[in-house]
Number of protein chains: 2
Amino acid sequence: MKTLRVPEATVTRLSIYSRFLERLDRHGITTVSSGEIAEGVGVSPAQVRKDLAYFGEFGTRGVGYNVKDLMKYTMKILGLDQTWSLAIVGAGNLGFALCTYNGFNVRGFYIAAVFDNDPTKVGKKIGHLDVQPLANFPEISKSENIRIGIIAVPIRGAQEVADMMINNGVEAILNFAPVALNVPEHVETRNVDLSVKLEILTFNLGFRSAQSL
Amino acid sequence: MKTLRVPEATVTRLSIYSRFLERLDRHGITTVSSGEIAEGVGVSPAQVRKDLAYFGEFGTRGVGYNVKDLMKYTMKILGLDQTWSLAIVGAGNLGFALCTYNGFNVRGFYIAAVFDNDPTKVGKKIGHLDVQPLANFPEISKSENIRIGIIAVPIRGAQEVADMMINNGVEAILNFAPVALNVPEHVETRNVDLSVKLEILTFNLGFRSAQSL
DNA sequence: AAAGCATAGTTAAAAAATTCACATGCTTCT
DNA sequence: AGAAGCATGTGAATTTTTTAACTATGCTTT
């Protein structure tokens, strides 16, 4: 089998292209060129073509790409031709926001359950969900076929939650706690760190002044 | 002047190192090696040293780095030796979560104001803040010296909000709407896209199965 | 039907980022 | 004081990623 490592940056961009195509489709646009995609998402046309080339040939020379088709292909590649059930652990403000965030549903994610071990939160309603005690995780993750977990607890609890998830069959974790999780090799994790991007901005604001000295 | 472009990945990691050092410091640890930092944040020791080398020599050969000092240096480099006033536009769930998120204060960010033009939201309290109508942005951004704006509105409103921010002196924008903003060259923007990382996970879950066919 | 045009796909070159390996220099121990 | 040990800092090598240039192909128009 042809084993071709796909750069993570390519996957990231694919996700962005995919969303952009969705938007074009909603606007009734049927055809798009690599240049237009590039312009729309802020990369180079060559980059767009190169990224897509990892996965096949999706366009028509001289014409461009069929929006609907390419959208479907990209979603398929990203594994979004199925619905993924998610479990969120942590029903604080962040957990709450994630639960009510609409962007997930649109992309085929379904938040199946929210957990917290704070007794003042357990039982509270978030949208159509009741906040569950952590003790219910094994049962629910099984019945809902949870393969992806989201950690929205403070640093101190994050590793413990991760371990618990993994013990219950979770294969991938999206971690909002700013800490590197220690996980077995077969488990995928990615961190979302809300202040990193902000600090890139402050770095650049400062660096620019330094440059002009 | 020595002009040395610093890779964005380096800045990203610097932010992560910085937070890790903060944590070590809170635990009373005074000295740390590149290897320990690397282990703690999940990169290679050489990477840590290389990243730091862009900015100077902060360690002692044979010993390592002084935690407190390196923490201060990294924060200084990131521009966090001052308090940054932020304005959030969008008081939906995400805006709310961002307002109440504690991680920002810790790193020297201060949320000075929240805006929304939904009349049902204006005037509501989020923490100590009243949600302001967008019309108040010019006045408040001036009096609070807002240089960084956060966009937490849906796609459709994002560009308009960005334009408005820029017209009022905002120099950097953190954008949570999944769309590429069109901004003048002197304005820095970064997007935070909550579903991209999730889609990297689903890609990897699927790709792994594909590999083992 | 043929020619021209536009854009995808591909290969090669360039640039960027990471890793490697070692020389350097501080600290400690004898 | 000297030697040994250890971890930094750095220049070179490697790998990865991006950019650019080129080629091929399908559509449209004449």
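Scope of the values below: all heavy atoms of this structure, side chains included, with no hydrogens, waters or symmetry mates. Below, read A as the first sequence line, B as the second, and so on, with proteins coming before strands; counting in each chain starts at 1.
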Worksheet item: Under 4.0 Å between a side-chain N or O of A:Gln47 and OP1 or OP2 of D:dT17?
Response: no
Practice prompt. Please report, rounded to the nearest Å, how far the P atom of C:dG25 is from the CD atom of B:Glu57.
Written response: 9 Å
Worksheet item: Mind checking whether A:Phe20 and A:Tyr17 have ring centres under 6.0 Å apart?
Response: no
Fill in: B:Asn175 and B:Thr189: side chain donor to acceptor below 3.5 Å
no
Worksheet entry | Flag for A:Ser195-B:Arg19: side-chain donor and acceptor within less than 3.5 Å | yes
Worksheet item: Which distance, rounded to the nearest 0.5 Å, do you find between the CE of B:Met75 and the NZ of B:Lys72?
Response: 11.0 Å
Please write out each protein N/O paired with an N/O of nucleotides 23-30 of chain D under 3.5 Å, distance rounded to 0.1 Å.
{"unit_1": "D:dA24", "atom_1": "N3", "unit_2": "A:Arg61", "atom_2": "NH1", "d": "3.2"}

Worksheet item: In whole angstrom, what separates B:Lys50's NZ from C:dA21's P?
Response: 14 Å
Item to complete: State, without any angle test, whether B:Thr10 and B:Asp51 hold a side-chain donor-acceptor pair at a distance under 3.5 Å.
Response: yes
Worksheet item: Taking everything shown except A:Glu39 itself, do over 12 heavy atoms lie less than 6.0 Å from its CD?
Response: no
Worksheet entry | For DNA chain C, the residues among residues 20-46 of chain B that have a non-hydrogen atom under 4.0 Å from it | B:Ser44, B:Ala46
Worksheet item: Do the ring centers of A:Tyr73 and A:Phe58 come within less than 6.0 Å of each other?
Response: yes
Discussion item. Give the residues of residues 7-19 of chain B touching DNA chain C, defined as any heavy atom closer than 4.0 Å, sorted by residue number.
Written reply: B:Pro7, B:Arg13
Practice prompt. State which of C:dA17, D:dG11, C:dT10 makes the closest approach to the side chain of B:Arg5.
Written response: C:dA17
Response to the item:
note: A:Tyr65, atom OH; C:dT7, atom P; distance rounded to Å ~ 12 Å
Item to complete: Please state whether the phosphate of D:dT10, meaning OP1 or OP2, lies under 4.0 angstrom from any side-chain nitrogen or oxygen of B:Tyr54.
Response: no
Discussion item. Expressed as a whole number of angstroms, how long is the span from B:Phe58:CZ to C:dC26:C1'?
Written reply: 18 Å
Worksheet entry | Between D:dT10 (P) and B:Leu52 (CG): distance, integer Å | 11 Å
Worksheet item: Only one of B:Lys76, B:Arg107, B:Arg13 forms a salt bridge (Lys or Arg N to Asp or Glu O under 4.0 Å) with A:Glu199, so which one is it?
Response: B:Arg107
Worksheet item: To the nearest angstrom, how far is A:Arg49 atom CZ from C:dT11 atom P?
Response: 14 Å
Fill in: Residues A:Glu8, A:Arg190: salt bridge by 4.0 Å N-O rule
yes
Response to the item:
A:Ile155 and A:Pro178 have their tightest heavy-atom pair at CG1-CD, 3.7 Å
Worksheet entry | Interatomic distance, B:Asp51 CG vs C:dA16 P [rounded to whole Å] | 17 Å
Worksheet entry | B:Met71 CE to B:Leu80 CG distance, which is reported to the nearest 0.5 Å | 11.5 Å
